[in-house]
Every structure is written in C-alpha cells, then in structure tokens.
Amino acid sequence: EGEVIGLEKTISELLREGISFYDTKEAFYHGFLMGIFGGMGDYYSYSNRESGDGRYDICLKSMDVEKPVILFELKVSESFHQMEKCSLKAVEQIRMKHYEEEFLRDGYREVLCYGIAFYKKNCKITVKKTKDRIVEYKEEENMFCRNCGKPIDPNAAVCINCGFSNGTGDNYCPNCGNATNVGMTYC
C-alpha cells in the first residue's frame, strides 16, 4: 500500500512539473510512462503487445523468470472523483482479457497488474498480484452485468464495459443477460 501511494505521488509530481494542462489523452500518458520506464536496468519495456484476448498498454519484463512481470493498463478519468473507479476498471480489464496468462505459462512466478487512471496532472493506481498459476475462467461461472447486460466475471469489482460496480443496476438479468422489467431482479 505504501509503495502504491509513493508511486502515485511521484508520478503526479512529475506530471505537475513537466506537462501542459492540455496533455490529457491516453496516448500522451502512455508515452510519458514509456519514457520513465525506458532505463529500468534489467527490465525491458514493451508497448501495446498482443497478449491473452487483447493488447496490454505497457509491460515491464526481465529475462529472469524469478522477477515479476509488471503489466500496466491506463485509463483517462472524466473527473478527479472517478479516478479510483477507472483504475479498478483498468485492473479488471487485465484480468478479464487474460493478459497475464502467457507470462505465467512462460515460467514467470508473479505478475503485478497495475491499473492507472489519470485525470489532468493526477493519477490513481490499483494493483493486483497473480502468482504461480493461470486462472481458468469457465463459461458456466460467468454472469452478466445488471446495468449493461454484457458478460462479467463474478469476482470482478466493476464491469469493464460500463464501469458500474458488480451487482448494481436493474436493467438485465445477472444469470442470462436478458432485459428485465423495471424493479425485477431476474427475467
């Protein structure tokens, strides 16, 4: 927890000192972080590589499988107060799209999944660790978002499609994804 707070503070200070108020697109923050990560000793930085069911934003990987792989998914928040929700959504995207699985299959023992949300010259970071195993997602374990009706992992904190907290909303059945009548929990 202390390391995350320190990292948030350091990145926010660098943003305040070095960027314009108008530099607020995800691609800008992406390039900003790639510049920071460029000289990290025995870690190599990779950008927008295919992995799992999509492409992660940034990966830091050592050739030593005993060192953790670090995955970053970036989001730009619409407001300062939505930054935490956006950082959670970013971590859920890593998990839902299985970005970490190839590294675990390749023998890495730990993958650190960082969701970073930016709002102007501030950032909020959420971290999830994955160790020693590949999480298997089974179709019968899936449920559907009550707000947008899209599939959602039962263990997800938020829906990666609409950003609503898991279990909130009353538009769709959580078991099948069909629309529900107003006030109904299931179809």
Side-chain angles (χ1 to χ4, degrees), residues 1-15 18-19 26-77 80 82-119 121-138 141 152-161 163 165-166:
E1 180 70 28
E3 291 177 14
V4 169
I5 293 170
L7 184 58
E8 284 176 358
K9 182 179 176 186
T10 299
I11 291 174
S12 293
E13 286 173 358
L14 290 170
L15 290 170
I19 73 166
E26 185 176 320
F28 173 80
Y29 294 118
H30 187 116
F32 175 80
L33 289 178
M34 285 297 291
I36 291 171
F37 298 146
M40 287 198 55
D42 65 342
Y43 274 87
Y44 297 91
S45 55
Y46 301 93
S47 175
N48 289 315
R49 298 277 176 99
E50 289 185 14
S51 183
D53 298 324
R55 286 192 315 243
Y56 53 74
D57 284 328
I58 299 172
C59 173
L60 299 178
K61 182 174 89 168
S62 172
M63 294 299 119
D64 180 354
V65 296
E66 295 301 316
K67 293 187 177 184
V69 171
I70 307 167
L71 293 175
F72 295 88
E73 186 62 36
L74 313 179
K75 300 288 180 198
V76 175
S77 179
F80 181 84
Q82 290 183 346
M83 288 171 51
E84 184 168 3
K85 186 177 186 179
C86 284
S87 69
L88 287 167
K89 186 176 178 181
V91 169
E92 290 301 324
Q93 180 176 329
I94 294 170
R95 192 168 137 194
M96 290 294 290
K97 295 196 179 255
H98 315 291
Y99 296 160
E100 76 280 3
E101 289 185 6
E102 79 171 76
F103 305 107
L104 296 170
R105 272 194 305 272
D106 288 345
Y108 288 89
R109 304 201 61 174
E110 183 175 37
V111 179
L112 302 175
C113 305
Y114 281 72
I116 305 182
F118 294 93
Y119 179 71
K121 297 183 180 192
N122 298 285
C123 76
K124 175 68 180 167
I125 301 173
T126 300
V127 181
K128 174 189 171 283
K129 294 180 183 183
T130 303
K131 289 188 174 193
D132 288 335
R133 64 183 177 86
I134 296 174
V135 178
E136 294 293 335
Y137 295 94
K138 298 178 184 166
E141 290 179 4
I152 185 171
D153 185 299
N155 299 314
V158 296
C159 175
I160 65 168
N161 296 293
S165 295
N166 194 354

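Sequential numbering from 1 along the given sequence is applied to the chain's residues. Keep in mind that the numbers below use all heavy atoms, side chains included, and drop hydrogens, waters and symmetry copies.
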Taking all non-hydrogen atoms of both residues, which atom of [X] and which atom of [Y] are closest, and how far apart?
| X | Y | value |
| --- | --- | --- |
| Leu14 | Ile36 | CD1-CD1, 3.8 Å |
| Glu92 | Ala157 | OE2-N, 3.4 Å |
| Lys129 | Leu112 | CG-CD2, 3.3 Å |
| His98 | Asp53 | CD2-OD2, 2.9 Å |
| His30 | Asp57 | CE1-O, 2.9 Å |
| Val4 | Ile125 | CG1-O, 3.5 Å |

Quick one, [X] and [Y] - any side-chain contact, counting heavy atoms below 4.5 Å?
| X | Y | value |
| --- | --- | --- |
| Ile19 | Lys121 | yes |
| Phe103 | Thr130 | no |
| Tyr43 | Lys67 | yes |
| Tyr114 | Ile58 | no |
| Leu33 | Ile116 | yes |
| Lys124 | Cys86 | no |

Taking [X] for the side chain and [Y] for the main chain, is one N or O donor matched with an acceptor at less than 3.5 Å?
| X | Y | value |
| --- | --- | --- |
| Ser12 | Cys123 | yes |
| Tyr99 | Gln93 | no |
| Asn166 | Ala156 | yes |
| Lys97 | Arg55 | no |

Legend entry - Test side chain to side chain contact (heavy atoms under 4.5 Å, CB included) applied to Met83 and Asn122, Val76, Leu88, the passing residue: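 Passing option: Asn122.
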Any chance you could measure [X], atom [atom1], to [Y], atom [atom2], to the nearest 0.5 Å?
| X | Y | atom1 | atom2 | value |
| --- | --- | --- | --- | --- |
| Ile70 | Glu110 | CD1 | CD | 9.0 Å |
| Leu60 | Ser45 | CG | OG | 6.5 Å |
| Glu73 | Arg95 | CD | CZ | 15.0 Å |
| Leu74 | Phe118 | CG | CZ | 5.5 Å |

Legend entry - is_close_aromatic(Phe72, Phe37), centroid dist under 6.0 Å: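 They qualify: ring centres under 6.0 Å apart.
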Legend entry - Charged tip of Lys61 within 45° of Tyr46 ring normal and under 6.0 Å: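 Verdict for Tyr46: a cation-pi partner in Lys61.
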Inset, instruction - For Lys128 and Thr126, test the side chains for any donor-to-acceptor distance below 3.5 angstrom and give the result as yes or no. - result: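 Judged by distance alone, the side chains do not pair up.
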Legend entry - Between Tyr56 and Glu100, a side-chain donor and acceptor under 3.5 Å: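 There is no such pair (donor and acceptor under 3.5 Å, judged by atom type) between the side chains of Tyr56 and Glu100.
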Legend entry - Test log, rule salt bridge (Lys or Arg N to Asp or Glu O under 4.0 Å), inputs Lys75 and Glu26: CA-CA 7 Å; Lys75 300 288 180 198; Glu26 185 176 320; 5.5 Å; no
